[in-house]
J.: 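Have a look at the structure that comes next, please.
Per chain, numbering begins at 1; letters A, B, ... match sequence-line order.
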Amino acid sequence: MGNMEPNDIPKAYDPKEWEQRLYQKWEESGFFNPDTCIEKGVTKPDAEPFSVLMPPPNVTGVLHLGHAMENTIMDTMTRHHRMLGDRTLFLPGADHAAVATQSRVEKNLVAAGMTNPRQELGREGLLEKIREFADDSKSTITKQVRAMGSSCDWSRFAYTFDDARVLAVNTMFKKMYDDGLIYKGYRVVNWSVKGQSTCSDDELEHIERPATLYTFRYSTDFPISVATTRPETKLGDTAVAVHPEDSRYRDLIGQTFEVEVGAAKPLSIRIIGDEEVDPTFGTGAVGVTPAHSQTDFDIRQRHPEIGLVAVIGIDGTMTAEAGARYAGLSVLEARETFIAYLRENDLLEKEEDITQNVGTSDRFGDVVEVIPMEQWFVAVNREIPGRGKTLKDLMREAVTTGLDGDPERKTAITPERFERIYLHWIDHLRDWCISRQIWWGHRIPVWYKKPTTDNEQLTTSGEGETEIYCGVEAPDGEGWEQDQDTLDTWFSSGLWTFSTLGWPDTEASDFKTFHPTTFMQMGSEIVFFWMARMILMTSYAIDTIPFKTVYIHGMLRDKDGRKFSKSLGNGIDPIDVSTEYGTDALRLALLSDVTPGNDSRFSYDKVENTRNFVNKLWNISRYAGTMSGPTEGEAVPKSLSDRFILEKLSRITAETTGHLAEQRFSLAVETLRSFTWDDFADWYIEIHKVERNDAVLRHVLDTLLRLWHPFIPFVTEAIRETQGSDAFLMIARWPEISDKPDTDATASFGELRTLVTRIRNLRAVYRIDPTKRLTVSLSSKDMGFITESFPAIEKLARVDITETFDGAAAELVVSDRLSARVSLEGVIDIVAERVRIGKELAEAQRYATSLEAKLSNPSFADRAPEQVVVQTRGLLEETLTKADELRGHLTSLSQ
RNA sequence: GGGCAAUUAGCUCAGUUGGUUAGAGCACCUCGUUUACACCGAGGGGGUCGGAGGUUCGAGUCCUCCAUUGCCCACCA
């Protein structure tokens with residue numbers, strides 16, 4: 001496109017005219033790909049690498065505003081670093097999201113009329129359905145990410161479930177298996193009856209609900225009463241735990257009671273002493289159900305002599321172990337039956353209504369049962385062979401001292417407080433159950449070979465006759481059958497920063513160049529799921545950190561502070577917003593008023609505001625487009641306002657650069673916005689209309705477009721194009737920071753600004769006809785600093801500046817060196833003006849008094865730093881001078 | 001029960017290491033058909049920075065306690 005004439009350019013920026021086309025041009029240019037940037041000479045081959053991995057969105061559906069915010073953060077960082085000349089990679093991807101996706105597809109199938117999709121379709125059939133859904137959703141997602149303007153390298157797109165990632169997952173599994181860090185064990189796990197699968201502790205959502213706390217005795221001759229909210233599980237009790245020092249029960253410790261509870265066979269309850277029991281709570285005794293309680297299972301680890309009886313089965317009904325009377329009943333039916341039994345036999349001592357938190361499956365929604373099963377686990381407390389440390393140790397080191405005390409291998413967390421939260425979480429971390437019984441996911445790379453059945457002796461002997469093989473690929477030979485289970489989706493997510501870069505090939509060029517990655521961002525709700533697992537996997541397998549910096553953001557809420565949710569129906573599709581207001585406006589709105597780690601609100605008011613800003617920038621460029629003459633030229637300052645705008649520009653360049661380096665996105669946006677609108681548009685451009693220093697105006701605009709580009713890539717690139725440039729702004733260089741401050745210009749221009757504002761204020765106060773030009777005379781000890789700006793002042797304040805004049809006038813004291821007389825002959829009455837000046841004088845006197853008080857305090861002079869004292873003294877002098885002048889004016893007005 | 005945040009103008013929020021008389025956007029009031037922009041311009045009103053103590057020459061900023069709201073963790077059986 002050629003250089004557009006200013007009147008060819010529409011008055012309002014229309015995002016629809018530009019966004020798709022610009023994105024396509026960017027993408028086709030290949031500059032999203034760091035290798036292309038080097039080939040085309042945009043980036044030096046030895047440039048510093050910068051890499052950021054997109055947290056892969058789940059292929060469960062469409063993206064929401066939260067994703068839009070994340071993409072904006074990542075893309076802003078990416079574009080900034082690309083402009084800094086770094087070898088920049090923003091790698092996109094998608095997550096197969098095991099449970100989440102399968103449960104979504106199953107729900108859809110049920111809604112479409114199926115009763116039990118797993119049965120009706122079988123493993124392969126269901127997987128096929130899920131694959132179709134995932135592919136569909138993947139393409140929607142990538143379209144949305146493009147629409148957000150994300151400058152990611154699509155040629156490197158990674159999927160957590162593609163061949164390269166399967167290789168990484170299996171390699172990692174085998175490595176951990178060989179190191180004894182992955183084991184198969186019979187332990188209690190969280191079991192979702194509805195989903196027919198395990199879930200990890202972190203996949204539980206604790207929901208508060210009312211419950212009844214029953215206090216009862218197992219039988220009349222049992223010496224201790226215990227309390228529970230889950231009476232039906234008491235059929236699996238094998239012990240009662242008391243505090244070892246509790247005088248009430250101390251003598252009973254070690255005894256075993258056979259108690260008849262109306263089930264098939266009596267319970268065998270042993271009294272044990274355990275430090276964890278709180279003797280002051282309830283009866284001071286705990287009925288121990290090792291099979292159906294995580295903490296009780298832990299008690300059994302400490303007291304292996306007690307039994308383990310599972311009374312709830314995987315279908316959520318009572319087992320035969322619970323006794324004939326209960327077997328087959330649902331837990332609720334069993335509860336009622338057991339309570340009825342206790343009542344009949346006068347064993348129930350107390351019923352209390354309490355609220356309790358129950359763990360529910362965050363995917364399937366049902367209350368999770370704790371059930372003992374054989375599952376695969378990652379051992380977090382086991383020493384890693386040859387390293388003398390556990391996985392937990394590594395996870396701690398990575399964010400505190402750095403791995404092995406090496407600060408180069410330390411991850412910095414923003415905001416810092418999440419470091420403490422993370423460490424606290426590690427303290428409570430148990431072995432991680434990684435096996436799932438769902439089908440959509442990485443199949444556990446373990447194969448079993450049963451012995452040949454003609455040897456009857458072996459089969460019945462029940463001893464280690466099954467061969468086990470763990471490997472990256474299936475073993476050779478006949479008769480091997482792969483483990484039916486799949487892996488927790490976070491297992492593959494944990495490898496994300498390196499499985500995407502070529503690992504396990506540690507010689508892969510991407511891996512060597514871009515790992516550890518530079519920057520990561522994520523929502524606070526995912527820190528434990530994901531950040532912790534990435535750190536675990538990376539420190540274990542590669543002995544380094546996954547990323548150098550992680551920025552944690554809060555949750556995006558609606559304008560009333562509510563979460564966005566399907567059930568509330570308050571969801572907003574980012575694409576709708578960007579279609580209506582433009583992607584740039586959306587991006588700005590998502591970064592505004594946000595502080596790290598805290599939730600933020602999204603409202604259409606905000607987007608409207610940012611849209612208006614984008615339009616303002618557009619019109620600034622339209623104004624610049626009205627200038628004639630060559631676009632090149634040294635930006636030589638010729639006036640005070642030139643010096644001011646250049647000085648301020650270099651200052652905000654430094655500030656913006658600093659804010660970006662510290663991920664203070666909101667401050668960066670605010671800095672740029674305020675400069676663009678308040679300084680550049682409202683003052684400098686208005687002055688340019690009389691001073692016409694085109695070179696400076698163009699220089700400022702050009703620099704400003706670069707500074708804005710990482711935040712609002714589309715409109716800035718569009719402006720670049722209307723200017724007739726054929727070089728992408730996307731690969732332009734980030735502005736240099738100048739190191740020669742011109743602070744004098746800032747102060748002097750401030751006085752000019754105050755002068756103009758004061759005159760405008762006079763007009764408003766006295767309701768002076770806006771079209772009437774006023775006469776003004778200026779006086780100063782040193783007029784030199786402002787004379788060059790007379791035309792500007794005359795235009796901005798609509799005045800004519802003269803030497804002196806007679807007649808009624810308002811006296812304005814601008815500073816200690818500049819004051820003005822504004823002719824008000826026949827415009828205002830003297831009395832009103834005296835009142836106005838009187839007010840101003842009173843204010844100055846009040847301020848002077850407070851400054852004097854401060855200075856006369858002896859300890860202020862003693863203890864405050866020299867600079868502060870001098871500054872305060874200067875302020876006082878200025879204020880006193882001003883007060884003097886005002887007093888003079890007041891006197892002259894009364895004559 | 002433990003931990004972590006938040007509490008600043010009517011609303012939504014900034015305020016980097018304690019240092020000029022606390023800011024922005026929206027909303028509000030007054031004025032304006034100035035040739036970049038009404039998705040605009042000019043001017044203005046509005047806050048004892050949740051409460052109470054404390055440290056300091058000086059506190060929105062640091063400490064203690066309290067209140068309210070939110071989040072995270074935790075199977076008081």
J.: Return the value, rounded to whole Å, for the distance between atom CD of A:E655 and atom C1' of B:U17.
T.: 15 Å

J.: Starting the side chain at C-beta, find the nucleotide from B:G19, B:A36, B:G25 nearest to A:N609.
T.: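 Of B:G19, B:A36, B:G25, B:G25 is nearest to the side chain of A:N609.
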
J.: Go through B:C39, B:A77, B:C73 for me and flag the one nearest to the A:H424 side chain.
T.: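 So the nucleotide nearest the side chain must be B:C73.
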
J.: Is the A:H292-A:F297 ring centre distance short of 6.0 angstrom?
T.: no

J.: In whole Å, I'd like the distance from the CG atom of A:L876 to the P atom of B:U21.
T.: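 The distance from CG of A:L876 to P of B:U21 comes to 12 Å, rounded to the nearest Å.
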
J.: Is the shortest side-chain N/O distance from A:K11 to OP1 or OP2 of B:C40 below 4.0 Å?
T.: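 For B:C40, OP1/OP2 do not have a side-chain N/O of A:K11 under 4.0 Å.
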
J.: Which string of ( ) [ ] | and . matches RNA chain B, if you list each base 5' to 3' and count Watson-Crick or G-U pairs only when both distances are under 3.5 Å?
T.: (((((((..((((.....[...)))).(((((.......))))).....(((((..]....))))))))))))....

J.: Any side-chain N or O of A:N612 under 4.0 Å from OP1/OP2 of B:C40?
T.: yes

J.: Using atom CG of A:D605 as one end and atom C1' of B:C13 as the other, report the distance to the nearest whole Å.
T.: 13 Å

J.: Out of B:U16, B:C37, B:G43, which nucleotide sits closest to the side chain of A:T757?
T.: B:G43

J.: Return the polar atom pairs (N/O with N/O) between nucleotides 27-34 of chain B and the protein under 3.5 Å, or none.
T.:
unit_1: B:U30; atom_1: O2'; unit_2: A:R767; atom_2: NH1; d: 3.2

J.: Do the numbers put A:R417 on top of the ring of A:W425, so that NZ or CZ is under 6.0 Å from the six-membered ring centre and no more than 45° off the axis?
T.: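 Verdict for A:W425: no cation-pi partner in A:R417.
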
